[in-house]
Amino acid sequence: MSATESTNAFLEKAWSEKGPKLISGFSRPVYHNVMGLLRGRKYDKRAYGGMIRHTEAAMLTQWASQVPQGGVVVEIGCYGGLSTSYLLRGLRKKGGHIHAIDPFNSDLGKQEELTDNLVPLENKPTKALVAERLRRNGFEGMFELIEGYSQEAAARWDPSVKIDFLWIDGNHEQAYRDFKDFEPHLNPGARVAVHDAHPRYGYQAVVDDVKKIFAEGAWADLEHVKSIITGRKVG
Ligand SMILES: C[S@@+](CC[C@H](N)C(=O)[O-])C[C@H]1O[C@@H](n2cnc3c(N)ncnc32)[C@H](O)[C@@H]1O
């Protein structure tokens, strides 16, 4: 079976099976659920206006803790800082750094043009509020909040900064573009994870883009956690 065929088989299985599966192979819901209970409830999801599930939160921490020493995470779509906090929690073990991109509450007219309409623009968290939240959570010095759009941040990216974990949860209509924009800056073996990438828990446009992302090149450790599809790019 070619790499593309085995990726397609993985996605087909991830998206088609219903109900709990055993701890084996690519999808390990019992493990994910235990992780969610133990580690996915640290931050107040409601207060942050967070949009990730407890299982997904716990696994973000787990994957961030697996980057190399001094590793770099890029987050596209930070919103109130919930996923950012879980990523930073894992990253702390590695003395790593996160660059979290979001327009926050800047220029709402521009946001109406450049973002999808899936996240309400009313009461969007400010960059200052999120920064304060992350500091309160003990992450001072570990993060840079970039107020703007992934495509702009990618165009200005310093090519000497290599990325170990790319987390895509921004505009649901441009997941593939986000991947392609940052792909040149990924370290070999970097993890890419895409949220809302399941027909039952996510959005069709993201599902379509995820098929394209993981059909290109070679991937290791493909995993499916609720609406997240992730893998490490090895070629
Ligand atoms: C689904 S929310 C992110 C939720 C967050 N990850 C969490 O765990 O709570 C998507 C966010 O991405 C932002 N966004 C939309 N387009 C973007 C882009 N091109 N670059 C960066 N952020 C973007 C939206 O404004 C919104 O704040």
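Atoms within a ligand are numbered from 1 in the order they appear, just like the ligands themselves.
The distance from ligand 1 to the heavy atoms of Q174 drops below 4.0 Å at these ligand atoms: 19 (N). Set against the non-hydrogen atoms of Q151, the atoms of ligand 1 under 4.0 Å away are 19 (N). The distance from ligand 1 to the heavy atoms of G50 drops below 4.0 Å at these ligand atoms: 9 (O). Near T115, the atoms of ligand 1 lying under 4.0 angstrom from a non-hydrogen atom of the residue are 15 (C), 16 (N). Within ligand 1, the atoms closer than 4.0 Å to a non-hydrogen atom of I52 are 8 (O), numbered from 1 in the order shown. Remark: ligand 1 atoms within the under-4.0 Å shell around heavy atoms of S83 are 5 (C), 6 (N), 7 (C), 8 (O). Near S150, with a cut-off below 4.0 Å to any heavy atom, the atoms of ligand 1 are 18 (C), 19 (N), 20 (N), 21 (C).
Regarding atom 17 (C) of ligand 1, its nearest protein heavy-atom neighbour is N171 N, 3.7 Å.
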(request) Apply salt bridge (charged side-chain N to carboxylate O under 4.0 Å, His left out) to the pair K110 and E113, showing each step before the final yes or no. (result) CA-CA 5 Å; K110 185 172 177 185; E113 262 174 56; over 6 Å; no

(request) Under the salt bridge (charged side-chain N to carboxylate O under 4.0 Å, His left out) rule, what do D208 and K212 come out as? Steps first, then yes or no, please. (result) CA-CA 7 Å; D208 292 342; K212 286 164 68 182; over 6 Å; no

(message) Using salt bridge (charged side-chain N to carboxylate O under 4.0 Å, His left out), reason through D164 and K94 one step at a time and then give a plain yes or no.
(response) CA-CA 12 Å; D164 300 293; K94 294 294 169 67; over 6 Å; no

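Between M51 and ligand 1, a contact under 3.5 Å exists for at least one N or O pair. Checking only distances, K124 does come within under 3.5 Å of ligand 1, N or O to N or O. Considering backbone and side-chain atoms alike, D169 places an N or O below 3.5 Å from some N or O of ligand 1. On a distance-only criterion, P103 and ligand 1 share no N/O pair closer than 3.5 Å.
Of the listed options I101, D102, L87, L118, D102 places a heavy atom closest to atom 13 (C) of ligand 1.
Contacts between C78 and ligand 1, counted as non-hydrogen atom pairs separated by less than 4.0 Å, involve the backbone only.
Interatomic distance, L88 CG to F139 CZ, rounded to the nearest 0.5 Å: 5.0 Å. Note that CG of D169 and CG of L60 are 9.0 Å apart. Values are rounded to the nearest 0.5 Å. Between the CD atom of Q151 and the CD atom of Q174 there is a distance of 4.5 Å, given to the nearest 0.5 Å.
Applying the 6.0 Å contact sphere to CG of N123 captures no more than 12 heavy atoms from other residues, nucleotides or ligands.
A donor-acceptor contact closer than 3.5 angstrom links the side chains of T230 and R191.
Classified by interplanar angle (parallel below 30°, tilted 30° to 60°, perpendicular above 60°), the ring pair Y48/Y43 is tilted.
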